[in-house]
Amino acid sequence: MAVATETKEDDRPESQYQKGVKHLCENGVNKVPKKYILPASDRPRMNYDGKLNVRKQNLKLPVIDFSELQGANRPQVLKSLANACEQYGFFQLVNHGIPSDVISSMIDVSTRFFELPFEERAKYMSSDMHAPVRYGTSFNQNKDTVFCWRDFLKLMCHPPSDVLPHWPSSPGDLRKLAATYSKETKNLFLMVMEAILESLGLVGTTENKTKEEDILKDFQDGSQLMVVNCYPPCPEPNLTLGMPPHSDYGFLTLLLQDEVEGLQIQFQEKWVTVQPIANSFVVNVGDHLEIFSNGKYKSVLHRVSVNSKKSRTSVASLHTLPFKCTVRPSPKLIDEENPRRYKDTNFATFLEYISSCEPKRKNFLDSRKLG
Ligand code: OGA
Ligand code: NI
């Protein structure tokens, strides 16, 4: 009998997996179905060469105190910021000024969305990459051969008047809370981006001010995508991942995670877990910023591991230039010693790229490299 049950669990029809992990868990799982089992070399405790390659100790990312950026210490903080973007591609942002109730409400309403009956969530399922709202599972459920242990809700945030009416009408307070949250993160992104430009030596000098002010203006009208991630508890967390190794496409991602660990970044060839800090954001450099900085700032691979005890919620806010705007290495960062290292690109090209092939590791960025 036991054998029969196990076989049944492994052999659900493919369409069941398309409904997502939350749905799967609601129907009871005590084993990871085959659909989610990674080849041994891709499992969370191995590296690609088959060696155990996870650091036991959590990583304390560089911490940037946003309030200090606004004061007399700005020059020192800009140095720490530059160092974090060069060495880790990641930092934690504290004292960022976004009220804690805006943050806790966003996590709370995200959790409530995933607790809705499946039929309610399913209304927003779509395979259209341009849809203003998209509910789905895995990384790319139309392409992934092995699924990851994640469901998501993707909300396009710009321009608000066009997209907000498409956002889920249930839970009843989702639109209001998510709109406030997205506006706050957008403002924070603009201020952090200004500091990043300054850390690259691109603002603050009177000479080229107008040009760089232009890019900040472009960012105001830029694209913002909010990805709400739900990672249900997993009965066998060593066999699968919540998200496979990937880099983010934009300039910066502002990630809000609840108190449950899961995010891991690649650091000195090993996977290390990022220690969550309450009321902070994990900020990371995306592909577009790596290109814009001509390789000075690094878009680093990261992934999500799952656990058997707790459900985990995170909200990633991805920011870049307007959809069709060209991203290219800043001319001021190119000279004879530092020749141009990347081709021109834009967000539209990225979407085309991921619709046409499996987004693995850093394929997209690699495809933009010169030479
Ligand atoms: C992402 C991402 C990490 C997490 O959404 O791109 O990397 O912890 N999320 O959910
Ligand atoms: Ni990511």
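First listed ligand is number 1; within each ligand, the first listed atom is number 1.
Using a 4.0 Å cut-off between charged nitrogen and carboxylate oxygen, E290 and K298 do not count as a salt-bridge pair. At a threshold of 4.0 Å, the pair R328-D344 counts as salt-bridged, since one of the basic side-chain nitrogens sits closer than that to a carboxylate oxygen.
Restricting D248 to its N, O or S atoms, the one at the least distance from the Ni ion (ligand 2) is OD1. Closest to the Ni ion (ligand 2) among the N, O or S atoms of H302 is NE2.
When the shell of 6.0 Å around NZ of K343 is examined, it contains more than 12 heavy atoms from other residues, nucleotides or ligands.
A distance limit of 4.0 angstrom between heavy atoms and ligand 1 selects the residues N229, Y231, M243, H246, D248, L255, L263, H302, V304, R312, S314, A316.
Note: H288 and Y297 fail the aromatic proximity criterion, with ring centroids not under 6.0 Å apart. Taking the six-membered ring where the residue is Trp, the centroids of F292 and F251 are separated by under 6.0 Å.
In this structure, K369 fails the cation-pi test against Y342, since its NZ or CZ atom is not both closer than 6.0 Å to the six-membered ring centre and inside 45 degrees of the ring normal.
Taking both residues in full, the closest heavy atoms of L301 and S247 are given as CD2-N, 4.1 Å, listed atom of the first, atom of the second, then distance.
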